[in-house]
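Take a look at the structure set out below.
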Amino acid sequence: MGRYFWAIAAIVFAVSRVATWAFPFDSDHWIFYYIGKHWAQGQALYVDMWDHKAPLIFGYNALLHKLFGDNIVLHRVLFTAIALAAIFVFCKTAQNLYHTLQIKNAEWIARLSTLLFAFLANLSQFTNSGNNNENLGILFLCLTLWTYLLYRKNPTQTQGYLLTSGAFAGTLFFLKGNFAV
């Protein structure tokens with residue numbers, strides 16, 4: 001399975017992600033982008049326009065506006081790249097965790113877990129249009145765990161990983177308050 005793992009993962013990802021690309025623009029994507037765009041144009045967040053979300057999703061969408069304008073295809077290309085990064089980081093996290101826990105067949109179980117994650121985390125009923133706090137949060141959550149596990153391998157020489165893990169965890173709060181739980 002190791003030889004073809006990433007090809008299988010790409011197929012699983014593509015099959016599960018295709019509906020996300022076709023999701024209508026009038027979902028959360030539109031709300032977050034509208035607020036982010038106006039924030040980037042100098043309006044006051046939570047005064048001139050608002051939604052009940054934490055500020056990082058609007059900052060992210062302000063950046064989308066600056067980089068890509070109203071081009072939804074380019075937005076979704078970036079969301080897809082973020083989802084791919086999350087799958088890669090999830091795989092690395094699973095490998096480190098299963099090896100740390102000394103689970104038998106750790107590599108095989110990590111790959112199987114990654115395939116399941118790639119499928120479930122990219123179904124459109126969960127991803128919506130790809131532009132939501134949870135999709136960004138998955139990447140930061142995986143990065144939090146991965147860098148913490150890297151720190152745990154050798155705590156005396158890798159303290160930067162602990163700081164990095166904390167920074168990723170802190171970022172989660174600014175995406176959505178209940179990520180702090």
Side-chain angles (χ1 to χ4, degrees), residues 1-2 4-37 51 53-98 107 109-150 164-165 167-176 178-179:
M1 183 170 162
Y4 301 105
F5 170 71
W6 288 110
I8 294 167
I11 291 167
V12 167
F13 173 78
V15 166
S16 63
R17 188 81 178 180
V18 71
T20 298
W21 272 78
F23 217 86
F25 189 60
D26 62 347
S27 61
D28 280 349
H29 183 133
W30 170 246
I31 296 165
F32 299 154
Y33 178 68
Y34 173 85
I35 294 171
K37 174 182 175 179
D51 187 51
K53 303 293 186 204
L56 194 55
I57 192 69
F58 306 124
Y60 175 73
N61 279 273
L63 182 63
L64 278 176
H65 172 68
K66 292 287 188 184
L67 292 174
F68 306 125
D70 292 334
N71 189 329
I72 192 170
V73 172
L74 293 177
H75 294 193
R76 291 195 177 165
V77 166
L78 181 60
F79 302 144
T80 301
I82 290 169
L84 288 169
I87 291 168
F88 176 78
V89 174
F90 181 92
C91 184
K92 292 298 182 186
T93 302
Q95 289 169 336
N96 279 330
L97 180 62
Y98 296 148
E107 191 64 31
I109 295 171
R111 289 177 179 170
L112 189 61
S113 299
T114 300
L115 292 176
L116 185 61
F117 171 80
F119 180 73
L120 292 175
N122 287 288
L123 293 171
S124 65
Q125 60 265 42
F126 304 124
T127 62
N128 196 307
S129 61
N131 184 7
N132 64 42
N133 293 310
E134 292 80 9
N135 292 324
L136 294 171
I138 285 173
L139 177 59
F140 285 102
L141 180 62
C142 288
L143 286 167
T144 298
L145 297 172
W146 186 27
T147 52
Y148 178 74
L149 289 169
L150 291 173
T164 305
S165 178
F168 288 136
T171 301
L172 284 170
F173 176 77
F174 291 102
L175 274 170
K176 194 167 188 172
N178 42 348
F179 277 140

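Computed from a predicted structure; not experimentally measured.
- How far CG of L78 is from CG of L67: 8.0 Å, rounded to the nearest 0.5 Å.
- F5 is listed as a side-chain neighbour of C91, based on a closest heavy-atom distance under 4.5 Å.
- The CD1 atom of I35 lies 4.5 Å from the CG atom of D51; values are rounded to the nearest 0.5 Å.
- F79 is not listed as a side-chain neighbour of T20, based on a closest heavy-atom distance of 4.5 Å or more.
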Problem - Worked check of side chain to side chain contact (heavy atoms under 4.5 Å, CB included) between I87 and W6 - result: CA-CA 10 Å; I87 291 168; W6 288 110; 4.2 Å; yes
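- Heavy-atom minimum distance, N122 versus A83: OD1-CB, 3.5 Å.
- The side-chain heavy atoms of F119 and L123, taken from C-beta on, include a pair separated by under 4.5 Å.
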Practice task
Show your working on side chain to side chain contact (heavy atoms under 4.5 Å, CB included) between N132 and L136 and close with a plain yes or no.
Solution key: CA-CA 7 Å; N132 64 42; L136 294 171; over 6 Å; no
Exercise for the section: Go through the steps to decide whether L172 and F168 satisfy the test side chain to side chain contact (heavy atoms under 4.5 Å, CB included), and finish with yes or no. Expected result: CA-CA 7 Å; L172 284 170; F168 288 136; over 6 Å; no
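- Put simply, the side chain of L64 does not reach to within 4.5 Å of the side chain of F32, judged on heavy atoms.
- Annotation for A19 and S124: closest pair CB-OG, 3.5 Å, computed over non-hydrogen atoms.
- Minimum heavy-atom separation, A86 to C142: O-SG, 4.4 Å.
- Under the 3.5 Å distance criterion, the side-chain polar atoms of S165 are left unmatched by any main-chain donor or acceptor of T147.
- No side-chain heavy atom of N135 sits under 4.5 Å from any side-chain heavy atom of I82.
- In plain terms, the two heavy atoms of L115 and A9 that are nearest each other are CD2-CA, 3.5 Å.
- The structure places CZ of R111 at 13.5 Å from OH of Y98, a figure rounded to the nearest 0.5 Å.
- Rounding to the nearest 0.5 Å places OG1 of T93 at 9.5 Å from CZ of F88.
- Within the 4.5 Å cutoff, the side chain of L97 has no heavy atoms near those of the L145 side chain.
- The nearest pair of heavy atoms linking A22 to R76 is C-NH1, 4.1 Å.
- The local environment of CZ in F68 is crowded, with over 12 non-hydrogen atoms from other residues, nucleotides or ligands closer than 6.0 Å.
- Scanning both residues, N133 and L175, for their nearest heavy atoms gives OD1-O, 2.9 Å.
- With contacts defined as side-chain heavy-atom distances shorter than 4.5 Å, the pair N131/Y60 qualifies.
- I57 contributes atom CD1, which lies 13.5 Å from atom OH of Y33 (distance to the nearest 0.5 angstrom).
- Remark: K53 NZ is packed, more than 12 non-hydrogen atoms of other residues, nucleotides or ligands lying under 6.0 Å away.
- Side chains of R17 and T127 form a contact here, defined as non-hydrogen atoms less than 4.5 Å apart.
- In this structure, H65 NE2 and Y34 OH are separated by 12.5 Å, a value rounded to the nearest 0.5 Å.
- Between the side chains of W21 and T80, at least one donor N or O lies within less than 3.5 Å of an accepting N or O.
- Remark: the backbone N or O of G69 is paired with a side-chain donor or acceptor of H75 at under 3.5 angstrom.
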